[in-house]
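The block underneath contains the structure these notes are about, expressed in structure tokens.
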Amino acid sequence: MELLVASAIGILTAAGLYLVMRLRTFPVILGVSLLTYAVNVFLFASGRLVVGAPPILRDGVSTYTDPLPQALVLTAIVISFGMTAVVVMIALGAYLGSNDDRIDDPVPMDEVIPEDPS
Amino acid sequence: MTHWIVLPVILPAIVAPFIILAARYHIGIQRVFSIVGVLALIGIAAGLAWQASDGTITLYQLGDWAAPFGIVLVGDRLSTVMVLLTAVLALFVLLYAIGSGWDERGRHFHALYQFQLMGIMGAFLTGDLFNLFVFFEVLLIASYGLMIHAGGNERLRAGVQYVLFNLLGSTLFLFALGAIYAEAGTLNMADLAVRVQSIDVGESVGIRVAAVLLILVFAIKAALVPLHFWLPSSYAEAPAPVAALFAIMTKVGAYAIIRVYTIVFPPDLEVTAGLHTTWLLPAALVSLAIGMVGVLGAKKLDRLVAFAVIGSMGMVMIAISLFTPGSIAAALYYIIHSTLSAAALFLIVDLVRTSRAHLGLTLEPPVSGTVLIAALFFLAAIAMAGLPPLSGFVGKLLIMDAAFSTSSMAWIWSVILISSLISVVGFSRAGSILFWKAQSVEPTDEAEVVAGPGALSYIAVGGLLVLLTAHTVFAGIGHRYMQATAAQLFSPEPYISTVIETAGKLSEPKEGY
């Protein structure tokens, strides 16, 4: 199970980082979402992976799972969900306004090298 | 237990929804409530700072749960000074926003402004790393709204960059927190300080990675090279009052580095040895150099000020990376100076913008009200470039004095002195093109007469400059206070014992549990 979770985090992070470097808003937002999924699973695993164990103290139970990372993950999910919604709205506004979904700054007009007509 | 210390977070959190719900169509009422809220914040912050000035550490357990199980707010000298600085800065920026009419150019300026203050105050007061993350998100989500206030294509594009960069930073923050929790099993700063000490040096890989990830996150916030790329275009494109308020946001990163790396990972801790001297100091030197070269090379006035912010953050980080009580005191003195002067410069840029066709550093007819704006620019540029007699010079002197006996003194002195020269040239070039040479250009006939900014705008800028002057005149008192603050940071035992040993609800076992 450790291998499965670790490779899932790794693949999600790698895919997310690749998409983030695409410099167009849609792939970048997808990439950021993948990164937040990866970090949610990572946070979950930071309390050690235990299957089928209760998170609160009970009589006659010796193995527990750590409840705190679950609370942290819940907070992180809510925050990243809200942030993704905000960035989608702002990116849509920017795209509709300038009809261009590139993220990097455009080259200023006085620095554009005119194409050689010949 | 008094509840005063939680008020800097609660008060804006009440004022902001009230503004949205009750006064959304009445800009006048919004303004009144916003100003009254900020004035009350100043009062509370001054009270807290007075309470902490004798070295008392105020602890507030939210819900009366004892640390490390509950979230705590901690007020010591450092956090109360930063809270007071934020509140005072917020007042003048708010006055400018009202005087220049920026708050009318989009919706919900005042509500977002209050939420922004809530996030910043919370980040300064919290004693828990995950709570710090949450307050970072609060201040960021409000800053996204403020950043694109009043709209416009350029601003939206810069806003997208700003939001995406900070989303990546937040994700990195979560990775760092997960790594810390996996290694230490707690996220309370005082509890972490105890547990990190007991980690064996041989098994410190995880906590080392976590410490580096965490400093990367804070370096993004503090716009340290090579993580500064988000700053120039977002600060240049943001509405002027927002950019001026953002002057405190880079300091939140610097504050977090000071806080976490004095209490949790102190400089003499073996598992994170070498982090500050090997990595932080060169990055800070490069930041200072790049910022000041950017000041010289900028083609627009707003970019010029943005690069000056990067340079001054480099200066702050140089002092922080030395991690001695003297250098931290110098860094804190410089943080106050840098916040006030950067805010004043962003507001002056807006004064220039209101009466000029564009902000490009090209020859244009003189702007209306040139003499007054030029004088303000002159003063603020002197402060930012660190020339005598204003506080930038005192701050720089303190930092160079703190670096005097270290092994990297030659590097630090030469970078600081050369970059100061470059920034002086940069600022005088900009000033002479904007205000001096402009006198030789004949105004064109079709140039329409633009109404100048209102008196309130000038009062706001002047107020910031008066504060800077006071910061210079009372430099002795200020620096002594910062020395006491640094001394408190370098002997964290009272902080740790106050946080951990104060009992809360259910600390004593009760009947039936």
Side-chain angles (χ1 to χ4, degrees), chain A residues 9 13 16-17 20-21 23-25 28-29 31-48 57 66 68-69 71-73 75-80 82-106 108 110-111, chain B residues 68-69 129-131 133-134 136-138 140-145 147-148 151-188 206 210 229 232-234 236-237 299-300 303 360 362 513:
Chain A
I9 297 173
T13 313
L17 280 179
V20 162
M21 291 172 202
L23 293 182
R24 294 270 182 159
T25 48
V28 170
I29 292 172
V32 170
S33 312
L34 286 185
L35 278 177
T36 56
Y37 298 152
V39 82
N40 289 341
V41 182
F42 180 76
L43 273 183
F44 201 77
S46 70
R48 304 293 182 269
L57 291 175
D66 192 342
L68 192 78
L72 302 186
V73 169
T75 317
I77 289 174
V78 173
I79 290 179
S80 63
M83 292 293 179
T84 312
V86 169
V87 75
V88 167
M89 289 310 294
I90 299 180
L92 259 182
Y95 171 64
L96 296 176
S98 54
N99 205 18
D100 176 22
D101 67 344
R102 283 175 196 280
I103 288 182
D104 48 344
D105 282 339
D110 55 339
E111 285 176 17
Chain B
F69 305 109
L129 273 184
F130 198 81
N131 200 225
F133 164 76
V134 173
F136 266 25
E137 296 305 307
V138 171
L140 282 175
I141 203 157
S143 78
Y144 301 156
M147 161 86 214
I148 57 168
N153 291 340
E154 286 302 305
R155 189 167 294 147
L156 276 175
R157 182 197 294 274
V160 172
Q161 294 175 355
Y162 174 71
V163 176
L164 285 173
F165 212 105
N166 278 302
L167 272 181
L168 289 175
S170 303
T171 316
L172 201 59
F173 201 169
L174 280 175
F175 271 115
L177 291 179
I180 288 182
Y181 187 78
E183 286 297 314
T186 180
L187 288 171
N188 181 286
F229 293 104
S233 65
S234 42
E237 298 300 341
K299 288 181 180 169
K300 288 178 73 185
R303 297 246 162 191
T362 49
Y513 283 97

If we only count heavy atoms from C-beta on, is the S98(A) to R157(B) side-chain gap below 4.5 Å? yes

When the 4.5 angstrom heavy-atom criterion is applied to V20(A) and chain B, the contacting part is side chain

Please give me the minimum heavy-atom distance between Y181(B) and P69(A), naming the atom from each residue. CE2-CG, 3.6 Å

Side chain, backbone, both or neither: which part of D66(A) has a heavy atom under 4.5 Å from chain B? side chain

With rounding to the nearest 0.5 Å, note down the distance linking CG in N153(B) to CG in L96(A). 10.0 Å

Could you pull out the closest heavy-atom pair between G178(B) and S46(A), with the gap in Å? O-CB, 3.2 Å

So what's closer than 4.5 Å to chain B heavy atoms on V87(A): side chain, backbone, both or neither? both

Is S80(A) close to chain B through its backbone or its side chain, or both, or neither, when contacts mean heavy atoms under 4.5 Å? neither

Going by atom type alone, with no hydrogens or angles, which donor-acceptor pairs under 3.5 Å involve a side-chain atom of residues 160-169 of chain B and a protein atom two or more places apart or on another chain?
residue	atom	partner	partner atom	Å
Q161(B)	OE1	S233(B)	OG	2.8
Q161(B)	NE2	I103(A)	O	2.7
Q161(B)	NE2	D105(A)	OD1	3.0
Y162(B)	OH	S143(B)	OG	2.8
N166(B)	ND2	Y162(B)	O	3.0

Counting only heavy atoms closer than 4.5 Å, note whether F130(B) contacts chain A via side chain, backbone, both or neither. side chain

Take a 6.0 Å sphere around OH of Y95(A) and say whether it holds more than 12 heavy atoms from other residues, nucleotides or ligands. no

Under 4.5 Å to a heavy atom of chain A? For I180(B) that would be neither

Measuring heavy-atom distances to chain B, does V39(A) have an atom under 4.5 Å in its side chain, in its backbone, in both, or in neither? both

Side chain from CB out, backbone as N, CA, C, O: work out which of these in F229(B) comes under 4.5 Å of a heavy atom of chain A, or both, or neither. neither

Under 4.5 Å to a heavy atom of chain A? For I148(B) that would be side chain

How long is the span from the CZ atom in F175(B) to the CG atom in L35(A), to the nearest 0.5 Å? 6.5 Å

Looking only at heavy atoms, which two atoms of A76(A) and L174(B) are closest? And how far apart? CB-CD1, 3.7 Å

Does a side-chain heavy-atom distance below 4.5 Å link L72(A) with L177(B)? no

Which distance, rounded to the nearest 0.5 Å, do you find between the OG1 of T186(B) and the CG of L68(A)? 8.0 Å

Toward chain B, the part of R102(A) with a non-hydrogen atom under 4.5 Å: both

